[in-house]
Amino acid sequence: MENKIESGVQLFSRVTRKTCLEGINPHLLPEGKPCPNQIIEIIGDDSQVDKTNLLIDFIVRCILPVDCNREWKGSTAILVNTEFQINLFKIIKVIENLLQKNQISKPKKHIIKSALKNLIIFNCFNLEELEVTFHKIEKTIHHNENVSLVLIDNIATQFWISKFTDNRLSYYQHSLRIFGLIHDIIKSLQVVLIFARNENANNKRFSKEVDFRIEIVNGRNDFNAVVTNYENQSKICVPIKLEPFLEFINVSNS
Amino acid sequence: MSRLSPNMHTFFNADIIELLNSKKIYTVVDFINSDARTLEKITRATFRVGNIGSTKPFNKNFFCSTQKLLRLLQVYFIKLRHYRNRDKKSIKTVIDMLLEGGLFTANIYEICGLPATGKTLFCLTLVKNVISNTKDNVYYLDTKRDFSAQQLKLMLNIDNKVRRTRGCNEQNFSKKINNRKDLITSLFEIKQSLIEGLKLRLIIIDSLPALYLQSSDHIENNSFLNNMVNILRYLTVEFNTVVVITNLITLWNEGSFKTQERYIENISCGKYWYNIPNVRLKFSKNSENKCQVTLLKTMKIPPDVRHCEVQLTKEGIKENKYG
């Protein structure tokens with residue numbers, strides 16, 4: 001039997017029951033996924049598509065109160081903001097539109113206030129801050145047991161700074177190194193990790209630790225999300241319409 | 001990279017730092033990524049004495065701010081109130097409508113277009129408006145060396161803002177930028193001035209390609225942009241400022257030399273830069289004095305209005321009234 005060494009925080013997180021994100025988006029992640037400790041990668045070429053809206057959708061579904069919609073989780077999300085394309089103004093607009101669509105009778109201001117209390121944002125302005133912040137995340141999760149989602153937008157923002165010091169470094173290697181740093185820290189903290197990268201799709205799996213890959217491509221409507229589930233080797237294509245919030249149209253298996 | 005220094009924590013005296021350096025632990029990141037047992041061995045300190053292995057000593061200096069709870073909410077409500085007020089009273093012009101009420105702080109705006117389409121005039125109009133209507137300062141970083149204080153004064157005079165003409169010199173800090181080093185140094189100077197209490201709302205860089213095209217080395221170019229963007233993000237987010245950067249659009253022929261099939265428009269400064277601005281406005285000339293402004297990238301989803309037409313006059317950009 002293999003020995004597994006874990007830190008006190010990891011042990012504490014493993015034995016503590018937390019809110020989970022199962023069923024947060026049944027269109028993209030059917031069968032009650034993602035489970036705690038699973039990892040989702042969002043990729044796409046930013047010159048053609050915008051991944052920000054999908055990241056915001058995950059944030060909003062995570063932080064909105066659970067009693068209003070069964071896809072909302074009322075849980076805390078940590079956003080590691082390195083690209084600064086996700087702003088609060090956008091998040092609030094999406095929440096307002098979702099509340100209107102779901103005809104929630106409760107006071108809007110109160111719901112937005114309580115939802116924003118569930119959002120922790122770390123602004124990282126350089127590579128050093130990003131690496132140090134990863135260590136801070138462990139502590140934050142330890143202090144706030146309601147945290148169930150960690151988002152990183154984008155994992156390789158500081159690529160060109162690293163590339164300048166190491167000429168042979170590739171975008172993939174840099175992304176993998178940053179991913180390794182965060183994965184080592186949160187691997188058994190019972191949270192879902194979602195990270196974005198600006199890369200065109202290839203069939204190669206980014207890392208064996210990644211459970212789902214969501215690739216955003218241009219589609220007949222606004223754009224399509226091609227979801228690869230590495231666990232059962234399935235692939236689905238979900239057309240997405242860009243309303244003030246994302247509307248997932250239907251699912252076709254391939 | 002921040003090197004370990006004695007002022008970071010009482011534990012870091014000169015001897016300890018020397019010991020760490022001898023084992024190739026120079027920076028904060030090196031220290032944090034090192035194993036606690038290794039650190040104990042090197043420094044001969046116990047876990048409890050030095051707080052080694054914990055990131056606690058660096059909290060104050062190195063962790064970025066956790067914008068939670070009230071701070072976040074305050075920012076939101078101020079902006080919302082601001083926005084709603086603007087919605088009722090101040091959205092008078094089509095560009096304001098295009099930008100959902102004006103320029104929002106903590107964002108980088110890009111003004112792009114073919115040469116001579118009114119980009120610089122738009123920047124000067126912004127300077128004029130900030131000087132005329134507020135007591136805030138403006139930084140104008142001029143890389144093309146064609147900023148004219150006389151023209152700005154003229155624009156203020158024509159606009160009957162005599163009272164504010166003095167502000168042209170007092171509130172507007174224009175600086176000529178010769179090379180990339182100049183720009184980075186200037187941005188650090190601005191950061192220092194902001195820390196010392198300068199009231200700054202707008203930073204204009206006119207224009208980016210003048211610096212980007214100084215070298216053809218792809219890695220050097222992108223790492224310069226990466227560095228610049230890091231500082232700009234810090235200035236916009238931490239000090240609530242707006243950055244406006246002008247950029248060129250280039251035309252590329254799709255056919256061969258003999259058969260010019262059609263031209264494709266490309267935003268200058270490469271693929272890395274393409275994702276950086278939060279909002280992108282494209283200027284294109286319709287006629288001698290008229291110009292079309294198109295919203296290519298925006299914060300709002302999806303935009304209600306994408307185009308508007310403006311006039312290029314001596315007073316600056318003159319917009320049509322909204323509604």
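Chain naming here is simple, since letters A, B, ... match the order of the sequence lines and numbering starts at 1 in each. Here the structure is a predicted model, which means the values were calculated and not measured.
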Undergrad: Looking only at side-chain N and O atoms, does Asn221(B) offer a donor or acceptor that is under 3.5 Å from a partner on Arg180(B)?
TA: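 Yes - a donor-acceptor pair under 3.5 Å links their side chains.
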Undergrad: Is Phe159(A) in contact with chain B via its backbone, its side chain, both, or neither, using a 4.5 Å heavy-atom distance?
TA: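 Just its backbone gets close to chain B.
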Undergrad: Could you please state which residues from residues 163-172 of chain A sit under 4.5 angstrom from chain B, measuring non-hydrogen atom to non-hydrogen atom, sorted by number, or 'none'?
TA: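 Within residues 163-172 of chain A, near chain B: Lys163(A), Phe164(A), Asn167(A).
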Undergrad: Can you tell which part of Asn87(A) gets under 4.5 Å to a heavy atom of chain B, answering side chain, backbone, both or neither?
TA: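 Answer is side chain: those atoms of Asn87(A) sit under 4.5 Å from chain B.
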Undergrad: Are side-chain N/O atoms of Trp252(B) and Glu265(B) paired as donor and acceptor at under 3.5 Å?
TA: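 Checked: Trp252(B)/Glu265(B) side chains show no N/O donor-acceptor pair below 3.5 Å.
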Undergrad: Consider only side-chain N and O atoms of Asn278(B) and Tyr109(B), and report whether a donor and an acceptor are under 3.5 Å apart.
TA: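 Tyr109(B) and Asn278(B) do not have a side-chain donor-acceptor pair below 3.5 Å.
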Undergrad: Side chains of Asn198(A) and Lys51(A): do they bring a donor and an acceptor to under 3.5 Å?
TA: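 Their side chains do contain a donor-acceptor pair, which is all the 3.5 Å distance test asks for.
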Undergrad: Where does Thr82(A) contact chain B at under 4.5 Å (heavy atoms): side chain, backbone, both or neither?
TA: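 Neither part.
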Undergrad: Would you mind checking which part of Tyr272(B) comes under 4.5 Å of any heavy atom in chain A, side chain (CB onward), backbone (N, CA, C, O), both or neither?
TA: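 Only the side chain of Tyr272(B) comes within 4.5 Å of chain A.
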Undergrad: Centres of the Tyr234(B) and Phe239(B) rings: under 6.0 Å?
TA: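 For Tyr234(B) and Phe239(B), the ring centres are under 6.0 Å apart.
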Undergrad: For residues 182-192 of chain B, which residue pairs pass the salt bridge (charged side-chain N to carboxylate O under 4.0 Å, His left out) check, not counting sequence neighbours?
TA: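 Only Lys175(B)-Glu189(B) qualify under salt bridge (charged side-chain N to carboxylate O under 4.0 Å, His left out).
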Undergrad: For Glu71(A), I'd like to know if atom CD has over 12 heavy atoms of other residues, nucleotides or ligands within 6.0 Å.
TA: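 More than 12 heavy atoms, drawn from other residues, nucleotides or ligands, come within 6.0 Å of this atom.
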Undergrad: Heavy-atom cut-off 4.5 Å, strictly under: side chain, backbone, both or neither for Ile231(B) against chain A?
TA: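 Nothing of Ile231(B), per the 4.5 Å heavy-atom cut-off to chain A.
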Undergrad: Does either side chain, that of Asp153(A) or that of Asn81(A), offer a donor lying less than 3.5 Å from an acceptor on the other one?
TA: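 Distance-only check fails for Asp153(A) and Asn81(A).
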